[in-house]
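Down below is the structure, laid out as structure tokens.
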2 protein chains.
Amino acid sequence: MFHMEPEALERFTWYMREQSALTVMFHARVAEQMGLSATDEKCLDLAMRADGPLTAGRIAELSGLSTGAVTGVIDRLERAGYVRRVRDPHDRRKVLVEVTVGDVDKFGAPFEKARDSLVEVLGHFDGAELQVIERYLQLQIETFRKRVIDT
Amino acid sequence: MFHMEPEALERFTWYMREQSALTVMFHARVAEQMGLSATDEKCLDLAMRADGPLTAGRIAELSGLSTGAVTGVIDRLERAGYVRRVRDPHDRRKVLVEVTVGDVDKFGAPFEKARDSLVEVLGHFDGAELQVIERYLQLQIETFRKRVIDT
DNA sequence: TGGAACATCTTAGCCAGTAAGACAATTCCT
DNA sequence: AGGAATTGTCTTACTGGCTAAGATGTTCCA
């Protein structure tokens, strides 16, 4: 455990904040590019990052929207061709939201640009350094989720 | 320059994506905690991260909202006590939006938790490793802004 | 000085959001 | 097994923020 000077912590806080703002802008770009509202893109992202298909109700929970709003979201996503409604064969009350776009990472210029810039950034580091960065990212995600989101 | 295996790139892409989703959730938490909509919080964040006070019009540009919408945003932020309207003495058409909350980082539990988890994460690295991470963050922010946002 | 350009605010109309309840399927309980 | 309670989604009525267009007040410049 290394003790950190206050100025260093301040710098890192600034990085976090900056990264955070850029991320919000990025999502706005992606949504615009895909012809979706921020809300719809957010829900689509949830559906894509999930293991299996999500139910409409689960999307409501995860997104914080009402179930009625989610009905509208899925309507629009379905009309735009990004997802498909499938009734759950085991419980026919449920509606499974299946993402129909094979590889959405390939969808839209912002994703490609993001991927490119990631490659460019990582190209500046050697193997040992990449290990440090990877450890940092894993720890950061895990800790942030545990301490900030899941509470 | 180090050549990267495809699986490693895939892992890093996943980290980016995960971080991105967590960030969006974080902003939602902050907004909720402050009693603001996502839009209002986004605009307040813009005003806080700027060097000097922003004009209403500049906030419209940066946020992508119409000027009419920004009028409403500032109304709500002002009523909630986060900002104050000040007419620009040099150009009295302009409205400068002054953030009135001294240190907004101290505002709300989510910010504190985020700060705590940052300290916790960084505590797992020694000085040399922190330098690598800092270099990574700087490069990441700079590259991402240049390649993804400013185009 | 008078008109064009500019910055913000106001207004009307629209669309997405919530809350409450309807409908359909499932589960529980006796 | 059969009716009641529960669950999951959709529908409806209503609210509120957003856009577009125009009004108002200010500055710039010929």
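No hydrogens, no waters, no symmetry mates; every other heavy atom, side chains included, goes into these values. The structure presented is a predicted model; accordingly, all values stated were derived computationally and were not measured. Chain A is the first sequence line, chain B the second, and so forth, proteins listed ahead of strands; every chain is numbered from 1.
- For A:Q138, the CD atom counts as densely surrounded, since its 6.0 Å shell holds more than 12 non-hydrogen atoms of other residues, nucleotides or ligands.
- Once you apply a 4.0 Å limit to the heavy atoms of chain A, the touched nucleotides of DNA chain C run 5' to 3' over C:dA16 to C:dT26.
- A:A56 comes within 4.0 angstrom of sugar-phosphate atoms only, judged by non-hydrogen atoms across all strands, and of no base.
- Mapping B:G68 and A:G64 onto DNA chain C by nearest heavy atom places B:G68 closer to the 5' end of the strand.
- A:Y136 places no side-chain N or O within donor-acceptor distance of the main-chain N or O of B:F125, the cut-off being under 3.5 Å.
- Other residues, nucleotides and ligands contribute only 12 or fewer heavy atoms inside 6.0 Å of the CZ atom of A:R84.
- Judged by closest nucleotide on DNA chain D, A:D91 is the one of B:S37 and A:D91 placed further toward the 5' end.
- One N or O on the side chain of A:R87 and one on the backbone of A:R93 form a donor-acceptor pair closer than 3.5 Å.
- Note that CG of B:L77 and OG of B:S37 are 8.0 Å apart. Values are rounded to the nearest 0.5 Å.
- Nearest-nucleotide positions on DNA chain C place B:L96 closer to the 5' end than the other of B:L96 and A:S66.
- At a cut-off of 3.5 Å, with distance as the only test, no side-chain donor of B:Y15 or A:Q140 sits close to an acceptor on the other residue.
- Remark: the backbone N or O of B:D126 is paired with a side-chain donor or acceptor of B:E129 at under 3.5 angstrom.
- Within 4.0 Å of B:R58, counting heavy atoms only, lies no atom of the nucleic acid at all.
- Among B:K42, B:E32, B:E41, the one residue that satisfies the side chain to side chain donor-acceptor pair (under 3.5 Å) test with B:H27 is B:E41.
- Looking at heavy-atom distances under 4.0 Å, B:G72 makes no contact with the nucleic acid at all.
- Read 5' to 3', the first and last nucleotides of DNA chain D with an atom closer than 4.0 Å to a heavy atom of chain B are D:dG17 to D:dT27.
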